[in-house]
Amino acid sequence: MRELVPGDQGVLVQYVQLALRRAGYPVKIDGIFGEGTCASLRAFLGGVQACQVEEAQWNELLPYLKGYTTYQVKEGDTFWEIANRLHSSVRRMMAANPTADPASLQAGTVLLVPFDFPLVSEEVPYSSLLTDWILEGLQVRYPFLREEPVGDSVMGQKLSVIRIGEGKKQVFYNASFHANEWITTPVLLKFAEEYAQAFAMGLKVGGVPASWLYYGFSLSLLPLVNPDGVDLVNGILDDPQYLNNAVQIAAGYPDIPFPQGWKANIDGIDLNLQFPAGWETAKEVKYAQGYRTPAPRDFVGEAPLSAPESRAVYDYTKRKDFSLILAYHTQGEVIYWKYLDYEPEGSYRIARYFQEVSGYAVEETPGASGNAGYKDWFIKEYNRPGYTIEAGSGVNPLQMEQFAKIYEDNLGILVGGMTQLA
């Protein structure tokens with residue numbers, strides 16, 4: 001982890017501030033390592049004089065970003081006392097420790113103790129680091145969740161699916177194919193958290209009993225397809241070789257703001273122009289637009305599936321039997337539902353349902369963008385419903401101030417991707 005000192009600014013500082021606030025310190029989450037952050041950090045660390053975040057300090061802060069800590073049981077401890085002391089709840093502790101007997105705790109047993117706050121933050125930008133911490137924390141809170149490796153990014157970062165449910169009908173949602181559309185990542189993470197919590201507590205999610213969804217469907221969520229690109233956009237990419245290469249690529253396209261305009265993977269390949277569905281046509285279109293070499297956006301690559309991230313999504317899809325897919329992008333508040341003349345049975349009906357619950361418009365993909373996408377390939381390959389959801393509105397990257405509305409608008413789609421198959 002990068003070391004931080006007073007005067008530093010950026011997303012990592014926001015993560016420190018988020019951890020401090022969750023620990024009970026009234027720090028402003030503004031990404032500026034100033035006096036207020038210093039004072040809270042010193043207090044959190046027990047009154048030390050130094051004001052810096054190195055490995056030891058990160059280790060103290062990380063439980064508040066992963067959402068849990070561990071506790072070794074002592075004689076006489078009870079679930080209620082442990083939960084009260086460590087700002088958890090008995091219900092959360094029982095969910096995280098399904099084999100522990102609250103009536104007969106054994107001294108020396110190590111318990112997982114989830115903190116009693118929502119894990120998925122609505123206040124900070126997302127990155128591969130925060131996504132990984134959240135995925136770990138979700139599996140601690142809800143052991144019935146299953147993580148599945150899908151592949152690796154260019155830089156070797158793990159692409160992970162989180163799976164929920166035991167039903168026969170398989171459904172797949174993914175997000176952040178494009179680096180500056182990273183706000184779609186917390187959409188899927190928040191849905192995973194709300195769905196899992198509702199199932200654990202016997203409640204509803206989006207108005208539907210979570211248990212009915214769980215036993216009727218197997219949902220795979222890939223919240224971060226393009227971790228390297230997202231880390232570049234949000235300023236936490238540290239590797240000088242890849243960073244310098246991205247700077248050189250961007251220099252060839254001076255009209256695209258850097259890094260805010262970066263959509264591609266770290267090699268300058270647009271991951272949603274990599275699939276074998278009209279790839280040659282997409283190449284002709286994008287070449288005519290001037291994207292003939294690695295670029296911050298719209299370069300189709302040297303061949304279909306030449307980027308490891310796109311290949312990973314393709315291979316994962318081939319291993320499964322998905323009845324429906326959602327690919328989350330931004331922006332425009334639009335639902336794209338078909339590919340060329342393919343109209344899978346039920347797909348328009350489902351698209352109209354999505355429109356009703358979200359307020360988004362149902363449209364056909366514009367010709368300039370209508371080939372080589374993941375949704376295009378899925379429809380062509382399987383003749384089953386596939387959708388690109390363009391969430392939110394404005395200029396990418398959308399900021400977290402929009403997140404609450406985006407999530408509210410899309411909750412019905414996320415639930416409906418299962419219920420409308422019933």
Side-chain angles (χ1 to χ4, degrees), residues 148 150-151 159 161-163 165 167-178 181 184 187-188 217-226 265 269-283 300-301 303-330 334-354 360 362-367 369-391 410 413-414 416-421:
E148 238 176 35
V150 172
L159 309 182
V161 157
I162 195 82
R163 291 186 59 201
K168 291 183 179 180
K169 290 184 180 179
Q170 300 180 41
V171 180
F172 181 36
Y173 304 163
N174 53 63
S176 292
F177 264 94
H178 289 146
E181 299 172 8
T184 57
V187 170
L188 296 194
F217 301 90
S218 176
L219 173 62
S220 296
L221 299 169
L222 177 55
L224 186 50
V225 175
N226 185 3
N265 76 350
I269 298 174
D270 192 314
L271 298 178
N272 205 41
L273 291 170
Q274 271 275 286
F275 290 86
W279 183 85
E280 291 289 348
T281 301
K283 179 180 178 181
V300 300
L305 305 175
S306 55
E309 300 91 345
S310 298
R311 168 61 75 172
V313 175
Y314 172 90
D315 288 344
Y316 183 70
T317 305
K318 295 287 281 187
R319 294 197 300 270
K320 301 294 182 178
D321 185 26
F322 296 125
S323 297
L324 178 147
I325 63 94
L326 301 179
Y328 263 91
H329 291 256
T330 58
V334 175
I335 301 161
Y336 295 124
W337 70 282
K338 64 182 292 188
Y339 172 61
L340 300 180
D341 293 328
Y342 293 88
E343 296 187 20
E345 182 179 357
S347 60
Y348 185 62
R349 174 187 61 80
I350 295 172
R352 290 299 301 271
Y353 175 83
F354 289 166
Y360 287 10
V362 173
E363 297 181 5
E364 296 183 18
T365 311
S369 306
N371 288 281
Y374 174 66
K375 176 265 293 177
D376 307 325
W377 167 75
F378 180 82
I379 293 174
K380 176 176 178 287
E381 181 77 8
Y382 296 101
N383 196 30
R384 295 175 180 174
Y387 304 91
T388 295
I389 312 295
E390 297 282 358
N410 281 275
I413 295 178
L414 294 162
M418 292 175 279
T419 62
Q420 294 304 298
L421 293 173

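The analysis underlying the following values was restricted to heavy atoms, covering all of them including side chains, and did not include hydrogens, waters or symmetry mates.
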Whether the side chain of [X] engages the backbone of [Y] through a donor-acceptor N/O pair (distance < 3.5 Å, no angle test) should be reported.
X      : Y      : value
Gln274 : Ala303 : yes
Glu181 : Thr330 : yes
Arg349 : Gln420 : yes
Tyr328 : Ala391 : no
Ser218 : Gln170 : no
Lys375 : Lys338 : yes
Tyr342 : Glu381 : no
Tyr339 : Gly386 : no
Trp279 : Leu273 : yes
Lys169 : Leu421 : yes

Below 30° counts as parallel, above 60° as perpendicular, anything between as tilted: where do the rings of [X] and [Y] land?
X      : Y      : value
Phe172 : Tyr374 : perpendicular
Tyr316 : Phe322 : tilted
Tyr314 : Trp377 : tilted

Testing the basics here: between [X] and [Y], what is the closest heavy-atom pair and its distance to 0.1 Å?
X      : Y      : answer
Ile350 : Pro385 : CD1-CG, 4.2 Å
Val362 : Ala351 : CG2-O, 3.3 Å
Ser347 : Pro344 : OG-O, 2.7 Å
Asn265 : Glu309 : ND2-OE1, 3.1 Å
Ile269 : Ser306 : CD1-OG, 4.2 Å
Ala175 : Thr184 : CB-OG1, 3.4 Å

Looking at Arg319 and Glu148, is any side-chain nitrogen of the basic one under 4.0 Å from a carboxylate oxygen of the acidic one?
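No, Glu148 and Arg319 are not salt-bridged.
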
Test: Asp376 and Lys380 ion pair at under 4.0 Å:
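Salt bridge: no.
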
Could you tell me whether the side chain of Val313 reaches within less than 4.5 Å of the side chain of Leu159, counting heavy atoms only?
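With C-beta onward as the side chain, the pair stays apart.
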
Any Val161 side-chain heavy atom under 4.5 Å of Asn174 side chain:
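Contact flag for Val161/Asn174 side chains = no.
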
ring-ring contact (aromatic ring centres under 6.0 Å, His included) partner of Tyr387, chosen from Tyr336, Trp337, Phe354
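So, applying the ring-ring contact (aromatic ring centres under 6.0 Å, His included) to Tyr387 and each of Tyr336, Trp337, Phe354, only Phe354 qualifies.
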
